[in-house]
Amino acid sequence: MSEVPLQLPGYAHVYSGKVRDLYAPLGADGAPRADQLLLVASDRMSAYDFVLDTPIPDKGVVLTQMSLWWFDRLADLVPHHVVSTDVPAAVAGRAVLVERLEMLPVECVARAYLTGGGLNEYRSTGAVSGIALPEGLVDGSRLPEPIFTPSTKAPVGEHDEPIPYAGVVAEIGEDLAARVRDLTVRILQRGNEIATDRGIILADTKVEFGMRGDDVVLADEVLTPDSSRFWPADQWEPGHPQPSYDKQFVRDWLTSPASGWDKASGEAPPALPDDVVEQTRAKYVEAYERLTGQTFRA
Ligand SMILES: CCOC(=O)Cn1cc(-c2ncnc(N)c2C#N)cn1
């Protein structure tokens, strides 16, 4: 479903991803500024590689506020790209003015638990991204320590491809590869030090870095349910796929007879019923309130 992006007076639309949109503020001369961007999180939700027709009210606000909370808590580890939250009223709470950086061409993924593509790779090679793992691990196993499992930045509509660490070195050099590897792992470690005590396991996460001169700067979003697998800690049970903290209601309904949808058909999923939308909204709000200890205000 191709949507016309929101028109924001004073901003030029730059790019739309599945669930977020990028704008450039216009300078006094009316031309897009080259030093800043406006990152807007929509209420769009994706499932099974489709952007669903039904928005989840406040999802973009919750995830933006969660990201801002994490940027603050990670500031001792790594500087971030946030310039201001003084944004147009039309996107209040769901947009951030950021410093435009020279983005590194790597999806920096760290995994603290084994599942998804990493599990598949482990099952066929005993390793993930060239990192040998202990025998006997199963779906949902906690890894001895988080591992760096980078991917390429795939073109729109395609899947990111896992790349070996040597590929990152080839792309950005040995020094920078080691810096982003260590930062990505430490960000996930810090995330789980905070989240697990509050009932949320961060199984893995994807972060993006940009350069400010020689400094590595944390960009994009950080440790949100869109960039990370959120699992309810009290239901963690290795040996089968874990329930998703935020996506399970949608997945369960879409794969139930009630939806009339066949995942294998390749057809777009149907619109979600109101109760599934509200339950999903409530899970995003719950995750925010558990992590931050603050009451969510739309
Ligand atoms: C539609 C959403 O797409 C993205 O956020 C991915 N992306 C990020 C940038 C970026 N570019 C320069 N400086 C930055 N600070 C950022 C950031 N964040 C470009 N695409």
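Both ligands and their constituent atoms are indexed starting at 1 by order of listing. Sequential numbering from 1 along the given sequence is applied to the chain's residues. Basis for what follows: all heavy atoms, side chains included, without hydrogens, waters or symmetry-related copies.
Nearest non-hydrogen protein atom to atom 13 (N) of ligand 1 is L101 N, 2.8 Å. Nearest non-hydrogen protein atom to atom 3 (O) of ligand 1 is Y15 CE2, 3.5 Å. Regarding atom 20 (N) of ligand 1, its nearest protein heavy-atom neighbour is L22 CD2, 3.4 Å. For atom 18 (N) of ligand 1, the closest non-hydrogen atom on the protein side is D220 N, 3.0 Å.
With a heavy-atom cut-off of 4.0 Å, E99 touches ligand 1 through its backbone alone. Counting heavy atoms closer than 4.0 Å to ligand 1, residue V98 contributes side-chain atoms (C-beta onward) but none from N, CA, C or O.
Under a 4.0 Å criterion applied to the non-hydrogen atoms of M103, ligand 1 contributes the atoms 10 (C), 11 (N), 12 (C), 13 (N), 14 (C), 16 (C).
In summary, D182 and R186 do not engage in a salt bridge, as defined by a charged side-chain N under 4.0 Å from a carboxylate O. The residues E221 and R20 are annotated as salt-bridged, a charged nitrogen and a carboxylate oxygen being separated by less than 4.0 angstrom. Residues D204 and R229 are paired through a salt bridge, judged by an N-O separation under 4.0 Å between the basic side chain and the carboxylate.
Residue P243 comes nearest to Q248 through the heavy atom pair CA-OE1, 3.4 Å, listed as atom of the first residue, atom of the second, then distance.
Aromatic ring centroids of W69 and Y288 lie 6.0 Å or more apart.
Among H81, R20, K18, K153, the residue whose heavy atom lies nearest to atom 17 (C) of ligand 1 is H81.
With respect to Y113, the ring-ring contact (aromatic ring centres under 6.0 Å, His included) criterion is satisfied by exactly one of Y122, F230, W236: W236.
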